[in-house]
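Just passing along the structure, written as structure tokens.
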There are 2 protein chains.
Amino acid sequence: MGSTVSTSVIKRLPRYYRFLQELMNNGVTRISSRELSEKMGFTASQIRQDFNCFGGFGQQGYGYNVSELHAEIGKILGVDKGYKTILIGAGNLGRAIATHMNFDARGCKLIGIFDVNPELTDVEVGNLRIMHTDKIESFCNENSPVIAILCIPKESAQQIADTLVKHGIKAFWNFSHCDLKPTFNDIIVENAHLGDSLMTMVYNVNASSDN
Amino acid sequence: MGSTVSTSVIKRLPRYYRFLQELMNNGVTRISSRELSEKMGFTASQIRQDFNCFGGFGQQGYGYNVSELHAEIGKILGVDKGYKTILIGAGNLGRAIATHMNFDARGCKLIGIFDVNPELTDVEVGNLRIMHTDKIESFCNENSPVIAILCIPKESAQQIADTLVKHGIKAFWNFSHCDLKPTFNDIIVENAHLGDSLMTMVYNVNASSDN
DNA sequence: GGATTATTGTCAATGTTTTAACGAGTACAA
DNA sequence: TTGTACTCGTTAAAACATTGACAATAATCC
């Protein structure tokens, strides 16, 4: 196992990855931690330390090779893993995510979309057809998805999550406004609590006008 | 001004708020830091310390009064501020946010939606009609919005952000896959980088299967 | 080919966040 | 009314994260 790296570091990796992609697109082939620090707003020291968690990708006197570093970080993040992913809840948000997310470039492969509303059954989203929630269990048995995205009301989230865990789901990307209780261990939950994010911003606006 | 509180604490406040709401709905009137810690998965010590950043809301031997604490945190977060908010980009994601977000309960008031696509002009979303992007500047001059939500491609994000800052926008909730450069100071940016969140999760899935 | 400059990887120092410990005050029961 | 159990606010300790410093090494220039 990969000698635990702190979550602070992990949370910065996608940003590095995005930035390096940008540099590649602009034809930049090499970059130093100092230059990166100026562009990204981190300290050069932090950047070097972050990269070093995974081994020395740079070279003294030269810096980092952009495309090599990009590839390494991609590998660390697992962008080529293609984990089978299902999405539960095809409301506005669910459909936005299904169509916008570029799963393939992020290590996921969206293989199924489900909604409880029978009127949505067979409606096409992206290149998939929405299935009724009834079909989740048989679908899981046949296709063994690993990741589930929850875009459903908080009232039903916990129950569906429990069912999915029983059918082999290992990780949840949770957009429901609730905190899933890990009734089973070693399940990964990444919360995307948009409401919390908005409230944090409002706090900051409020705080900044108080002075 | 409110003697700076660390962002770690701030980011937990919405979660406390949500949880206390839930308790109120269930008719719970008092709760101790120990009980809360069991339900939320923080340590009791952290909870007491967090609340204490804003003053002593509890009482020895009793705990905290749920509705009082809920109200206090709401006040700290500014949920009653009703900051005027506009949304730029009425694609799938923009519409999902406009209709799902319950802005009023989170200190915001959505007063305008804009999109560059003329075919969307006058289409109704929530109880607002989409306006063409051309109208942003005059709208800002007349209505003085404070917060802007960016649901637009990264190519146009920086330019629109610059325009908005010139017209008095103080804070951005940024869903574009880019990092806004703060060309002007003291502008608040809350990034909702869903792609980064997804990649973090994929990393964790990957790391957990490596052992 | 040697001197100079650039830049990494790493170690130590600093700063921040979380956890633990405990005195003081309140509620509640006998 | 007294004693016991509970729980806060706060201080101190531990864990964790970031920054600064520098030796080692590679690139580049003359």
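Just so we're on the same page: letters track the sequence lines, and every chain starts at 1.
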| field | Below 4.0 Å: OP1/OP2 of D:dT18 and any side-chain N or O of A:Arg12 | value | yes

| Atom-pair distance (CZ on A:Arg34; P on D:dT19), nearest Å | 17 Å

| request: Please name the residue in the list A:Arg18, A:Arg106, A:Arg12 that meets the side-chain hydrogen bond (donor to acceptor under 3.5 Å, both in side chains) test with B:Asp196. | output: A:Arg18

| said: Whether the side chain of B:Ser176 engages the backbone of B:Lys154 through a donor-acceptor N/O pair (distance < 3.5 Å, no angle test) should be reported. | reply: no

| message | Over all strands shown, is B:Tyr64 touching base, sugar-phosphate only, or nothing at heavy-atom distances under 4.0 angstrom? | response | sugar-phosphate

| Taking OP1 and OP2 of D:dC8, is either one under 4.0 Å from a side-chain nitrogen or oxygen of B:Ser33? | yes

| remark: Nearest-nucleotide check on DNA chain C, B:Ser8 vs A:Gly55; residue mapping nearer the 5' end is A:Gly55

| query | When you match A:Tyr62 and A:Asn52 each to their closest nucleotide on DNA chain C, which lands nearer the 5' end? | reply | A:Tyr62

| task | Determine whether A:Ile152 and A:Val116 make a side-chain contact, defined as any pair of heavy atoms from C-beta on separated by less than 4.5 Å. | result | no

| said: Rounded to whole Å, please give me the gap between NZ in A:Lys11 and C1' in D:dC16. | reply: 13 Å

| task | Run the salt-bridge test on A:Lys39 and A:Glu35 with the 4.0 Å N-O cut-off and return the result as yes or no. | result | no

| B:Asn65 backbone acceptor or donor facing B:Arg30 side chain under 3.5 Å | no

| query | In whole Å, what is the span from the CD atom of B:Gln49 to the P atom of D:dG9? | reply | 11 Å

| task | Could you check A:Gly61 against B:Ser32 and say which one's nearest nucleotide on DNA chain D is further toward the 5' end? | result | B:Ser32

| remark: To the nearest angstrom, the CD-C1' distance between A:Gln60 and D:dA27 comes to 11 Å

| note | Separation of D:dT25 atom P from A:Phe57 atom CZ, nearest Å, is 20 Å

| request: Check the angle between the aromatic planes of B:Phe54 and A:Tyr203 and answer parallel, tilted or perpendicular using the 30° and 60° thresholds. | output: perpendicular

| said: Students should find this one: the first and last nucleotides of DNA chain C, 5' to 3', lying under 4.0 Å from a heavy atom of chain B. What are they? | reply: C:dT17 to C:dC28

| task | Would you kindly give the CE-to-P distance between A:Met40 and D:dT19, to the nearest whole Å? | result | 13 Å

| query | From D:dC22, D:dA26, D:dG20, pick the nucleotide closest to the side chain of A:Arg48? | reply | D:dC22

| query | Just how far, in rounded Å, is P of D:dT19 from CG of A:Asp50? | reply | 10 Å

| task | Classify the angle between the aromatic ring planes of A:Phe42 and A:Tyr16 as parallel (below 30°), tilted (30 to 60°) or perpendicular (above 60°). | result | perpendicular

| Which part of the nucleic acid does A:Thr43 contact within heavy-atom distance under 4.0 Å: base, sugar-phosphate only, or nothing? | sugar-phosphate

| field | Whole-Å gap separating C1' (D:dG9) and CD1 (B:Ile47) | value | 14 Å

